[in-house]
Structure formats: C-alpha cells, structure tokens
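Computed from a prediction, not measured in an experiment: that's the story for all the values here. FYI, side chains are in, hydrogens and waters are out, and symmetry mates aren't considered; it's all heavy atoms of this structure.
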Amino acid sequence: DAKTTQPNSMESNEEEPVHLPCNHSTISGTDYIHWYRQLPSQGPEYVIHGLTSNVNNRMASLAIAEDRKSSTLILHRATLRDAAVYYCILRGYNFNKFYFGSGTKLNVKP
Amino acid sequence: DTAVSQTPKYLVTQMGNDKSIKCEQNLGHDTMYWYKQDSKKFLKIMFSYNNKELIINETVPNRFSPKSPDKAHLNLHINSLELGDSAVYFCASSQEIEASGGADEQFFGPGTRLTVL
C-alpha cells in the first residue's frame, strides 16, 4: 500500500497562506492524490484531489510535483475555521484502498 | 439535509455486550464504508460495501459484522464488546465510478463514539 509522509504539525497566522507538504515517493502511475481534513469532533471532509496537474477549487489548491513524488496543499488565506488535521492520501485504481496516514495538525493563530 | 447520518452519536456499554451502530446515506451512492478512529486518532478502514456486496474486509475480528439491507444503509454490529473496541466509528459513502479509477470523493458521517467499560 502506497504511503504518505506529512509533518506532524504546522502553525499559521490568520489570513496568511499555508503550504502543507506531503511526500509520496512510492506513488504509482494510476494513483490519485487526495486531501481530506478533519475538524475537531467531526468526520473527515474532502478537500481536493488530483492526478498529475495542479488543481484549484473553492477550498484550496493542490500543487503536484512533476515526478509526482510529492504534493502541496495550499490554503490561500487561512482562517480560524481551517484549524484541523489534514490528511494526504493516495487512492489507486483498486478503488477500495484508501488509507489515512497520521496527518498534519494545522494550528491557525489569530 | 444530512448526507451521511449515524446513530447513535454516543454509545456507552459494558464489556461482553452486543451493540449496533446504524448508518444511512441519502446521496444515492452505491458504496459505503466503516472506519475506526482510535485514541491516537489513526483512521483505519474496516469494511467497504458496493451495491450491498462486501468488497473490503480488513483485518477485523469476526465479532464485527457489517449488514447492508439496501444501498442506502450499512449497519455495524459488534458482538462481545471488548475494552479495545472503544473508539470513534465513522461511516462514509461514495459514488464509485469505475472509470474514475480513484477520483471519487468520500462523504463521512459525524461519527459514533463507542465507550466500553
């Protein structure tokens, strides 16, 4: 099973951009890169996903390295409500394999 | 409208009891999942059902048995509860489109906190 490596925690100031890194050196060619986040006392929620090209949506942007061995989730302006654990996950064509790592706990300071 | 709902939200019970957690999704998805989140916050997939058929059964004790009466429901029944079963259990669903090859989004329920005394 493909694994991801993320920093345990990061800190950001409110209204500043945040770059959350993820290493996935064992990624295979058909694996999608997914990001989910889990706010305190809630279930995980989808943030964004991509395959090869950078992606943008209303929540965040996903920058994928050219060799796909790493990616970065970008929150353009962090708010206090963005404080959560962010998980980087690889999702393969065997679509039922979906493993969460330990994630990055993001703390946003006012 | 709640997309994925679970009942109960909290469940406190004694060791050795049998209990069930219910999950319902109103998204029209054909795949549902159960996850366990332990005290260290690690999320692990337990089961996956696609169109009422068991797809994934990770290394989970036989005391855990998922039941899917229809596509919108996936209940988790636990026999002979043990202290180590204490955790938060999340139900999730997704629309597995085979052609997506991994691009689907999973929707999670709010979780059920199970405490075994």
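Put simply, NZ on Lys41(B) and CZ on Phe100(A) are 14.0 Å apart, with the number rounded to the nearest 0.5 Å.
Neither Phe47(B) nor Tyr33(B) shares a network with the other; the hydrophobic side chains, linked directly or stepwise wherever heavy atoms of I, L, V, M, F, W or Y lie under 4.5 Å apart, form separate groups for each. Cluster membership for Trp35(A) and Ile27(A), using ILVMFWY side-chain heavy atoms within less than 4.5 angstrom, is shared. Cluster annotation: Ile48(A) and Ile74(A) are assigned to distinct hydrophobic clusters (Ile/Leu/Val/Met/Phe/Trp/Tyr, side-chain heavy-atom contacts under 4.5 Å, transitive).
More than 12 heavy atoms of other residues, nucleotides or ligands shown are found within 6.0 angstrom of CG on Asp70(B). Atom CZ of Arg113(B) sits in a sparse spot, with 12 or fewer heavy atoms from other residues, nucleotides or ligands closer than 6.0 Å.
Within the 4.5 angstrom heavy-atom criterion, only side-chain atoms of Tyr35(B), from C-beta onward, approach chain A. Looking at Gln37(B), only its side chain comes within 4.5 Å of chain A, counting heavy atoms on both sides.
Considering all non-hydrogen atoms of both residues, Phe42(B) and Ser102(A) come closest at CE2-CB, 3.6 Å. Heavy atoms only, all atoms of each residue included: Gln38(A) and Phe90(B) are closest at NE2-CZ, 3.4 Å.
With hydrogens and angles disregarded, no donor-acceptor distance shorter than 3.5 Å links the side chain of Tyr87(A) to the backbone of Leu43(B).
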